[in-house]
Each structure stands twice: as structure tokens, then as C-alpha cells.
Amino acid sequence: MSTDQGRFVPVNTSVLLQTLVEAVHEKILERLEAGAVQSLPAVLTTPDLSFAGADEAELDQDLRVAGYLARSVEVELFEPARRGCDRLTEMIEERRVDGADHDTALTALCAELAHAEPVNKPSPDDPAAMSWQVPGPGGHVRHYVARRSIEELLQDREDPVDGDPADLKRAWMYGFFVAACEEIPAPDDAVASS
């Protein structure tokens, strides 16, 4: 940020990040409360996957939906997020070449990416951190929005979750990757079979 004299005004990065994370999180909550998601894609709700544990189906689903909605909020708020992710397109096509139908390829890819994503704050140069490769606000913002979603969903629980709550980020990331992959046009045969 510069002033009229061309000098720069110092910005507290942690305050900026916190403000941005809260803004995205609030928009996710607004969409949840408004019932913005009338019907969820089958790949988002597949019961064959469990990121939060066998006894946490509702929490798992809520986190997937929060991650899914986070991507739509990003697209609304950040111009760079409106560009598709070429790497995701390539990865889906690689799976389709192996004979998988579109939904199966998408489910497998999103689960693989969610499991590979670091549960701690991802480094921009970590090749496993696909959260940095999808255009938008970047992996750090997504990490903190995921953590904020987890915190929100756990705050009123009487029983703690099994394991480390940080691991719940994987369910959120799965939903995020599903939404990012939805931005990629499905092949003609996948559209025709829907």
C-alpha cells in the first residue's frame, strides 16, 4: 500500500490475515444459514470416505460442505480465484485415461489431495500442498479458514473428537477440492450420463 508521496505504509500481515480469514468464514456461515447449498454433488457426500472417523459422519459432512462453500466465497471475493487450475484439470484427465468415469476420478483425486495436504500451515513450495496451486488467496488463508471452520463446529460439543482435531482439516480440504474441480468442465460423456 502506498501513499500519495509514493512511500509505503506498513501493514501488519497477521492482522490482515486474521481479517481476511474472518471475512471468508463469515460468508461461509451466511451461506450455510441461508441454505445456499440446496443439493450437494454426489462426490461431496459419498459415504465411502471418512476423514473425521467412523462415528463422526455429521461432522465430516459439515466440514466438507464448509470447504466446498469456501471455494465459492473465494471466487466471489478474489479475481484470481476465478481462473481454473490447470494442474487439477491435468490430474482429472490422467485418471480418466486410466478408465475411471468422471465422478470416480473426481472422488479419488479429491481424496488423494485432501490426504496429501499438510494439516499444519502449508509451505508455498511444498508440492503436496495443492492449496497453494489453486488460484485464489493461497494456502495460508485456506489453512486458517479450515481451522476456523473446525473451531466453529467443535465449540459446542460436549465430547472431544478422537485423535487430533487438526486432522479434521482433511474433510474441509476434500470439500474445497471438489468445488475447485467443479470449475473444470466435465467431459461430454460425463454430462450425457448425468
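These numbers were taken from a predicted model, which means no experiment stands behind them.
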Practice task
Verify the distance criterion only: is there a donor paired with an acceptor across the side chains of Gln18 and Tyr144 at less than 3.5 Å?
Solution key: no

Practice task
Please check if the side chain of Arg142 supplies one atom and the backbone of Arg71 the other of a donor-acceptor pair under 3.5 Å.
Solution key: no

Exercise for the section: Sort out for me which residue in Leu69, Val145, Leu29, Thr19 forms a side-chain contact (heavy atoms from CB on, under 4.5 Å) with Val24. Expected result: Val145

Completion exercise
Tightest non-hydrogen contact, residues Glu56 and Val161, listed as OE2-CG1, 4.1 Å

Practice task
May I ask you to check whether Asp101 and Thr104 show a side-chain donor-acceptor distance below 3.5 Å?
Solution key: yes

Handout entry: Donor-acceptor contact present, side-chain Trp132 to main-chain Asp126, <3.5 Å
Key = no

Exercise for the section: Mind listing the closest non-hydrogen atom pair of Ser72 and Arg31 along with its distance? Expected result: OG-NH1, 2.8 Å

Problem - NZ/NE/NH1/NH2 to OD/OE distance under 4.0 Å, Arg147 and Glu152 - result: no

Exercise for the section: Indicate yes or no: at least one non-hydrogen side-chain atom of His143 is less than 4.5 angstrom from one of Pro122. Expected result: yes

Handout entry: Lys27 and Glu22 ion-paired at < 4.0 Å
Key = no

Problem - Glu183 and Arg83 ion-paired at < 4.0 Å - result: no

Handout entry: Ion pair Glu117/Arg170, N-O distance below 4.0 Å
Key = no

Practice task
Please say which of Leu106, Leu109, Leu113, Val43 ends up in a side-chain contact (heavy atoms from CB on, under 4.5 Å) with Phe177.
Solution key: Leu113

Exercise for the section: Could you tell me whether the side chain of Glu74 reaches within less than 4.5 Å of the side chain of Phe176, counting heavy atoms only? Expected result: yes

